[in-house]
Amino acid sequence: MARIDDIIHQRLEKLHRIRQQDIDPYPHRYHRSHTTKEAIALFERGENAQVSLAGRITASRLMGKATFIDIRDSSGKIQVYFRSDHLGEKYEFLREFDIGDIIGVSGNLFKTHTEEITLGATDFTMLSKSLQSLPEKWHGLVDVEKRYRQRYLDLISNEEVRQLFLVRSRTIAHIRRYLDERGFIEVETPVLHPIPGGARARPFITHHHALDQDLYLRIATELYLKRLIVGGLDKVYEIGRIFRNEGISIKHNPEFTMLESYEAYADYNDVMKMLEEMISHVAQEVLGTTKVSFAGDTIDFSPPWQRITLREAIKEGCGIDFLEHTNAYSLRDAIRQLGIETEETLSPAYLTDKLVSTFVEPGLIQPTFLLDYPVETSPLAKRKPEDKRLVERFEAFAGGMEIANAFTELNDPEEQKNRFISQEDWRTKFGDEEAERYQADFILALEHGMPPTGGLGLGIDRLVMLFTNQQSIREVILFPQLRTK
RNA sequence: GGGCCGUUAGCUCAGGGGUAGAGCACCUGACUUUUAAUCAGGGUGUCCGGGGUUCGAAUCCCCGACGGCUCACCA
C-alpha cells in the first residue's frame, strides 16, 4: 500500500506542479554543446565559452539562495552552481528537482574557492523527472541480485561497474581492430542451426512454425565459419553469442560471447602465436599493461606463453599417462583409483576433461598452452603426423580458467566422415549425448576442398574477467541469466 | 539437482522470544562558494511468502520463493 507521503507520491506531486506551470517534464530533446568531460577540458585550456551540459542529478546541496548540484553524464560529472540573484524567479523551480532527475544546464565555467571547476548556471531545463529514489550515495548498490536485475541502478551508482563495462567494450573493439588490421573479415553466421555442432554441449531447442521444424541455438560457430574458408574467405572471424543449455556457475552463463577465427594456410602453431600476441596487444591497448592482478595473483600476458603437452601436464598432475590406457575402461579405472568419482560414461572427452579440470587447470595461473589432445576428444581436429593418436589442438589457460581452444582443422572429408561416425558410436553405445553429430552438409563442403586451416575459439567473457579481476562471469555480463521472479 | 549462508524502511545495515532501530535518501524550516554540506524538527515498514510452537514470533521450528557460495555438470 502506497503511503500518501512516500517518495513516489511526493515526486508525482512535483510532476503535477511542473505540468501546471505548462512545463513539459519530459521534453523531446536538448542540445548539449559539450559532455561534462569536454567542458572541464575546455576550461582547463583557458577557453571559457558558454556551454550547455546535460546529465543526471547525483547530489544536491541547497544553501538557501545558492545551490550546488552534481550532474553526471557518461563522460563524468560536473558541479553546477545556481544563484538566486542570477536566476531570479526561476531559482524557485529548483525545489522541483530531485536526485535522479535528468536536467540540462547552460552557463559559464568558473573555479570555486576549493578549485573545483564548476558550471555557473544561467538557465536550466527539466529533461526527465525521476519518480524513484536512487540507491545510497555512499555505499552505492550492494545487493547482488538487485545489481543484476536492475543493472541500470548498478551503473548509475557504482562507478567501478561502469568502468568495468567500458573495459569490456574496449576489449572487444581492440580484438576487432587487431583482426581487421591483419586481413580478417568479420562475418555473421546463423544462430539457428538445424543440427547443433562444433562443440560438446547440450543445445537450447526452439521451433520454427512456418518450416514446422525444430532448430537449435548455436553451441559454436565453427562449422559455418569453415564453410566460409571453403568458399575462399581465407581469414574470417565472428564475435557472437553462443548458447549452451547447461549449468550456471561463476564461470558459466547459458549465453556467452565467443570469438571464433579461422585462417587458411595456418596451423595451430600459427594460431598460438597469434593468440598470445593478440591478447597481450589488446591488454596493452585497453589496460596500458600486459600484467593484470587476478584473484591475488599477477598474470603476465606478454608472449611467449608457456607450452606444455597435455600428456605431460596430466602426468605431472596425477601420474596418469593417458596414452598408456588404450581403452576407456582402463583409463576410467585409473582415474577412480585416484579416488576421483566419475560418471559411468566412458567418453574419452569426458575422462580427459576430468583429469584436466581436477589436476591441471587450477594450477594454470600464468597463460599456458596445453598441447596435443587425444583424437577421440577432438572430432574436428587434424591428427599429428608423428603420432596418430593425438591431434594438433591446444587449449589456453590463465587464472585457472580455460580461455581458448584451437586446432589445426581437419580438412580430409573421408576422415571427417569416419570421425563423425565414431562420434555417433559414442552416442549410441555409451549414451554420450554431447558427442558430435554427423553433419552431411558440412562433409559436402569439405568434399569441395578446404585449405589447411588453423581455427580458434576464445571466451570473451572470461578474458574480460581476467582483465577486470572479477571472479564471477556474472560481473562481466550486463544482464546475467537469473530465474524469473 | 545436493550442501551451507542470506532476505528487516527507497538504499546500506543493526536488532536473534516482550512497543520496529540507525545512517543516507525523503518531508518541514534556516542558510549566497558547498562537495558524504551544516543546523533544528519529522520514521515513512507485508521484518521475503505460507504454516506451526508460544500468553506473546522479525527472532524458534517446518514448507516454499529468490539470491550468493560450493559440490555435481559444463566451457
Side-chain angles (χ1 to χ4, degrees), chain A residues 1-11 13-14 58-70 77-87 91 95 98-100 110-116 118 120 130-150 153-154 156-158 198-202 219-220 242-258 340-343 345 349-350 353-354 356-358 361 395-397 401-405 433-434 457-462 471-475 480 482-485:
Chain A
M1 265 311 150
R3 311 181 306 275
I4 190 67
D5 53 348
D6 70 9
I7 288 166
I8 195 159
H9 265 80
Q10 289 160 358
R11 296 200 174 185
E13 278 171 19
K14 287 180 180 176
T58 56
S60 109
R61 297 174 289 282
L62 189 148
M63 300 162 48
K65 294 191 169 60
T67 298
F68 290 90
I69 283 177
D70 293 341
K77 73 163 197 177
I78 194 166
Q79 174 173 262
V80 187
Y81 183 44
F82 301 81
R83 290 174 62 121
S84 119
D85 54 359
H86 290 175
L87 291 161
Y91 184 82
R95 300 175 69 85
D98 288 298
I99 290 173
F110 71 101
K111 249 185 195 174
T112 63
H113 293 163
T114 52
E115 301 285 295
E116 179 164 352
T118 299
S130 163
L131 302 178
Q132 300 277 356
S133 65
L134 289 180
E136 204 219 351
K137 61 184 171 187
W138 195 238
H139 299 92
L141 183 63
V142 172
D143 182 82
V144 175
E145 183 177 357
K146 184 154 276 196
R147 287 183 47 233
Y148 296 159
R149 290 190 196 274
Q150 293 178 270
L153 292 178
D154 196 25
I156 290 168
S157 50
N158 296 325
R200 292 180 54 80
R202 276 178 67 186
I219 57 174
I242 301 296
F243 306 85
R244 296 186 183 173
N245 199 346
E246 295 180 349
I248 296 177
S249 80
I250 55 173
K251 288 180 186 169
H252 304 87
N253 195 61
E255 49 182 301
F256 64 102
T257 301
M258 188 151 79
I340 305 301
E341 288 179 22
T342 72
E343 303 217 322
T345 174
Y350 167 81
D353 190 66
K354 191 86 193 171
V356 172
S357 60
T358 308
E361 184 169 323
E395 290 188 316
F397 294 81
M401 287 187 293
E402 182 194 339
I403 58 170
N405 180 24
E433 277 305 310
E434 297 183 350
L458 170 66
I460 300 292
D461 312 274
R462 289 181 177 181
Q471 270 74 69
S472 169
I473 199 168
R474 288 186 284 268
E475 291 294 337
L482 298 178
R483 201 181 287 274
T484 308
K485 249 189 164 170

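Chain naming here is simple, since letters A, B, ... match the order of the sequence lines and numbering starts at 1 in each.
The base of B:U7 lies outside donor-acceptor range of the side chain of A:Glu145, with no N or O pair under 3.5 Å.
As judged by a 4.0 angstrom heavy-atom cut-off over every strand, A:Tyr91 is placed among residues making no nucleic acid contact. At the heavy-atom level, A:Tyr148 lies under 4.0 Å from the strands shown only through sugar-phosphate atoms. Using a 4.0 Å heavy-atom criterion, one finds that A:Arg147 contacts no nucleic acid atom at all. Counting any heavy atom pair closer than 4.0 Å across all strands shown, A:Gln79 reaches a base atom. Among the atoms of the strands shown, none is found under 4.0 Å from any heavy atom of A:Arg202. Residue A:Asn253 is in base contact, counting any heavy-atom pair closer than 4.0 Å across all strands shown. Among the protein residues, A:Gly457 comes within range of no part of the nucleic acid, since none of its heavy atoms lies under 4.0 Å from any strand. Residue A:Gln132 is classed as having no contact, given no heavy-atom separation below 4.0 Å to the nucleic acid. Within 4.0 Å of A:Ile403, counting heavy atoms only, lies no atom of the nucleic acid at all. Note on A:Ile242: nothing from the nucleic acid sits closer than 4.0 angstrom, heavy atoms only. Across all strands shown, A:Arg83 has heavy atoms under 4.0 Å from base atoms, whether or not it also approaches the sugar-phosphate. Residue A:Lys354 is classed as a sugar-phosphate contact, given heavy-atom separations below 4.0 Å to backbone atoms only.
With centroids closer than 5.5 Å and planes inclined by less than 30 degrees as the test, A:His113 and the base of B:U33 pass as a stacked pair.
Closest contact between the side chain of A:Lys14 and the listed nucleotides B:G68, B:U32, B:C27 involves B:C27. For A:Met63, the listed nucleotide lying nearest its side chain is B:U33; candidates were B:C11, B:C27, B:U33.
Between A:Leu153 atom CG and B:A25 atom P the separation is 17 Å, expressed in whole Å. Rounding to whole angstrom units, CG of residue A:Leu141 and P of B:A25 are separated by 17 Å.
Comparing the P positions of B:U44 and B:U32 gives a spacing of 32 Å, expressed to the nearest Å.
Applying the Watson-Crick and G-U wobble criteria (two distances, each under 3.5 Å), B:U53 pairs with nothing in any strand. B:U38 is paired with B:A30 under the criterion used here, namely a Watson-Crick or G-U wobble arrangement in which both key atom distances are under 3.5 Å. In this structure, B:G67 forms a base pair with B:C5, meeting either the Watson-Crick or the G-U wobble geometry with both donor-acceptor distances under 3.5 Å. The partner of B:U46 is absent, by the rule that a Watson-Crick or G-U pair needs both atom distances under 3.5 Å.
Of the residues near RNA chain B, A:Val142 and A:Glu116, the one whose nearest nucleotide (by heavy atom distance) lies more toward the 5' end is A:Val142. A residue-by-residue look at A:Glu136 and A:Asp85 shows that A:Glu136 has its nearest nucleotide of RNA chain B further toward the 5' end.
Using modelled atom types, one side-chain atom of A:Asn158 and one backbone atom of A:Leu141 make a donor-acceptor pair closer than 3.5 Å.
Between A:Arg95 and B:C27 there is no side-chain N or O to OP1 or OP2 distance below 4.0 Å. Put simply, A:Arg61 has no side-chain N or O that comes within less than 4.0 Å of OP1 or OP2 on B:U34. Side-chain N/O atoms of A:Arg483 include one lying less than 4.0 angstrom from OP1 or OP2 on B:C66. Residue A:Lys137 places at least one side-chain N or O under 4.0 Å from the OP1 or OP2 atom of B:A25.
B:G42 has its base anti relative to the sugar, with a glycosidic angle deviating from 0 by more than 90°.
Distance check: A:Lys65 NZ to A:Leu87 CG gives 13.5 Å after rounding to the nearest 0.5 Å. Within the model, atoms CD1 of A:Ile78 and CD1 of A:Ile69 stand 13.5 Å from one another, a figure rounded to the nearest 0.5 Å.
The aromatic rings of A:Tyr81 and A:Phe68 lie parallel to each other, their planes meeting at an angle below 30°, with 60° marking the opposite boundary.
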